[in-house]
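So that the names make sense, note that chain A is the first sequence line, chain B the second, and so on, each numbered from 1.
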Amino acid sequence: MKANALFTRSEMIGFAILACVIFLLLPAVLDTFRLNLFGKYLTYSFVAIGLALCWGAGGILSLGQGVFFGLGGYCMAMFLKLEASTPENTAIQSTPGIPDFMDWNQLTALPWWWEPFHSLTFALFAVVAVPVVFAFIIGVAMFRRRVGGVYFAIITQAFAAILTILIIGQQGFTGGVNGITDLRTLLGWDIRTDEAKETLYYVNGILLFAVLFAAQFVRRSKLGRLLIAMRDQEDRVRFSGYDVASFKIFIFCLGAGFAGIGGAMFTLQVGFMSPTLVGIVPSIEMVIFCAVGGRLSILGAVYGALLVNWAKTTFSESFPELWLFGLGGLFIAVVMAFPNGLAGIWVEKIEPRLLKAFKKSPAPASPAQQSTPAE
Amino acid sequence: MNKMNDKYVLRVEGLTVSFDGFKAVNDLSFYVEPNECRVIIGPNGAGKTTVLDLICGRTKATEGSVKFKGQELLEMREDQIVHAGVGRKFQTPSVYEDLTVFENLELSYPKGHGVFGALAFKRDDTVKTRIQEIATTIFLDDQLDEKAAYLSHGQKQWLEIGMLLIQDPELLMLDEPVAGMSVAERKKTAELLNRIIADRSVIVIEHDMGFVEDIATRVTVLHQGKTLSEGSMQRVQNDPKVVEVYLGH
């Protein structure tokens with residue numbers, strides 16, 4: 001019975017606290033500009049949750065998650081760009097009705113693979129499907145050949161580099177190094193207004209919880225335990241009759257799908273998508289978010305993304321040249337001192353003390369009621 | 001010919017594997033009958049573990065044939081070989097240290113082997129009863145909720161044997177099941193093995209001669225990747241070639 005339930009009690013409390021932080025606390029204390037920033041940070045946590053499953057549970061370290069984040073983001077941006085590029089809006093171009101960057105690059109017609117992105121349904125489908133299909137191809141190619149560990153990490157990093165170069169090089173089709181900018185409306189709804197930004201923040205929060213529930217379901221299923229088993233004793237799993245590669249492909253695709261959703265929400269909230277969010281540096285930053293949060297914990301991944309990004313904004317406003325050193329130092333500190341990140345500190349240090357404090361207090365009859373308002 | 005096929009569970013013929021020219025197993029042939037307990041002995045480097053690796057698909061053979069109930073195993077993937085009914089225990093205990101004893105056994109339960117099967121897998125009463133049953137057999141029924149990392153070396157070996165038992169393989173391959181065990185654990189393991197080998201074929205690699213005598217139906221002595229001698233324990237022990245390369249010192 002216990003094992004078939006989706007949450008343990010402390011996990012349920014953790015989910016509830018996060019919901020309060022995202023839906024109540026942050027909107028209450030932040031102005032729209034800052035709230036939108038936090039919304040942007042939260043889009044990275046979609047990637048970090050995927051990494052917590054792939055890397056934390058399954059031991060598959062991908063240094064190329066930015067690829068999937070970017071693919072999702074670009075799919076969304078293509079739709080928005082097409083909507084913004086009506087013939088009226090682009091009347092001054094030599095070819096009205098196509099995105100401005102295409103016109104600057106002497107394109108005279110919309111490339112065929114842009115056509116389907118006139119449809120929002122298709123674009124939303126592509127946001128998830130394109131990263132998943134891409135991850136599936138990489139997964140089949142790597143995992144069927146038993147490429148793993150460091151080699152896999154390096155190859156995913158190469159993919160991140162390749163995609164960045166491809167996007168920058170094909171600027172007539174992709175907007176090049178500037179990315180796809182000047183996005184305005186979603187089915188006529190202006191996404192640049194303060195109200196729209198607030199609404200999008202909540203949509204983002206709801207999607208984040210949908211992803212968290214999905215991740216929790218996977219973690220609590222037998223597949224979640226198999227991932228841990230594979231990480232520790234891959235051969236034993238194989239010789240217990242499991243096709244290890246198919247499980248790795250599945251979890252890698254799942255992480256890619258999550259990252260794609262995050263990318264699309266990034267595009268919607270920030271208003272552009274560019275190759276700087278796809279390449280090696282952002283991909284490694286995403287791994288750092290996950291490591292700081294605690295790579296075994298999906299909730300930790302969310303906090304890690306929030307905290308590191310908040311620190312990045314704060315520090316780079318004051319000491320822009322020092323931030324990268326700070327980030328590097330943070331990563332080293334986490335690996336050396338807190339290998340299980342924030343979640344590890346919570347589980348090992350804070351939670352036992354809280355439990356102790358509550359056990360000591362009078363009225364031990366209702367511990368469940370006591371610990372809920374504790375946070 | 002058909003009769004011959006029926007007689008043996010496992011037919012290993014002309015099995016050869018070459019690592020950069022070094023033939024770890026060289027033109028090896030042997031046959032295992034139903035319910036037989038075959039023990040493979042031999043000096044270090046004789047190729048004993050490699051033979052098991054070849055049968056279960058962990059190492060790809062260069063030449064030869066391994067037929068299990070008429071199916072050619074050399075063309076199959078590891079997990080397919082397991083589904084065909086071949087179970088393998090490794091030399092060092094391979095258990096999932098971060099999971100509990102119960103979860104270790106549950107992952108070996110032969111159900112929900114596909115990705116979506118594993119997602120939909122439910123811990124129902126049949127599963128629980130079977131795990132409880134196996135845990136009792138391997139003396140671990142009191143440790144079901146303990147993490148495997150906290151078990152003693154001997155208990156880990158038993159757990160891995162249990163993980164194989166729950167799969168109920170027709171051919172069970174054990175690589176040094178009593179290595180590193182205390183005398184008391186060794187005795188309990190012999191008792192355990194004698195109980196579980198009763199209704200299946202078993203291939204065991206073992207160095208402990210007392211233990212071998214206890215469980216073996218027939219013994220194969222390997223030396224430099226080839227069969228040096230084969231037969232009953234008594235016959236093998238009296239074979240001068242065996243005494244010279246292996247038992248003599």
So for [X], is it side chain, backbone, both, or neither that comes closer than 4.5 Å to the heavy atoms of chain A?
X      : answer
B:L99  : side chain
B:V95  : backbone
B:Q80  : neither
B:Y109 : backbone
B:L164 : side chain

- Item | Straight-line distance of A:F239 CZ to B:K89 NZ, nearest 0.5 Å | 13.5 Å

- Note on the structure: Here the pair of heavy atoms bringing B:P93 nearest to A:Q233 is O-NE2, 4.3 Å

- Of all heavy-atom pairs linking B:D98 and A:R231, the shortest is OD2-NH2, 2.6 Å

Enclosure of [X] [atom1] (heavy-atom neighbours >12, cutoff 6.0 Å):
X      : atom1 : result
A:F338 : CZ    : no
A:Y151 : OH    : no
A:F136 : CZ    : no

- Query: Can a salt bridge be assigned to the pair A:R236 and B:E97 using a cut-off of 4.0 Å between side-chain N and carboxylate O?
  - Reply: no

- Message: Does this structure show an ion pair linking A:R238 with B:D79, if we count only N-O contacts that are shorter than 4.0 Å?
- Response: no

- Message: Is it the case that the side chain of B:H113 and the backbone of A:S240 share a donor-acceptor pair, with hydrogens and angles ignored and the cut-off at 3.5 Å?
- Response: yes

- Query: Quick one: does A:Y242's side chain have a donor or acceptor within less than 3.5 Å of a partner on B:V115's backbone?
  - Reply: no

Less than 4.5 Å apart, side chain to side chain, heavy atoms only: is that true for [X] and [Y]?
X      : Y      : result
A:K222 : B:K122 : no
B:L107 : A:V237 : no
B:Y96  : A:M230 : no

Report which part of [X] has an atom under 4.5 Å of a heavy atom belonging to chain B: side chain, backbone, both, or neither.
X      : result
A:R146 : side chain
A:D243 : both
A:V244 : neither
A:L226 : both

- Query: Based on non-hydrogen pairs under 4.5 Å, which of A:L223, A:D232, A:V218 is most in contact with chain B?
  - Reply: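 The residue among A:L223, A:D232, A:V218 with the greatest pair count is A:L223.
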
- Task: For chain B, find its close neighbours in residues 247-255 of chain A: heavy-atom separation under 4.5 Å, sorted by number, or none.
- Result: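 Residues A:F247, A:F250 are the ones that qualify, each having a heavy atom under 4.5 Å from chain B.
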
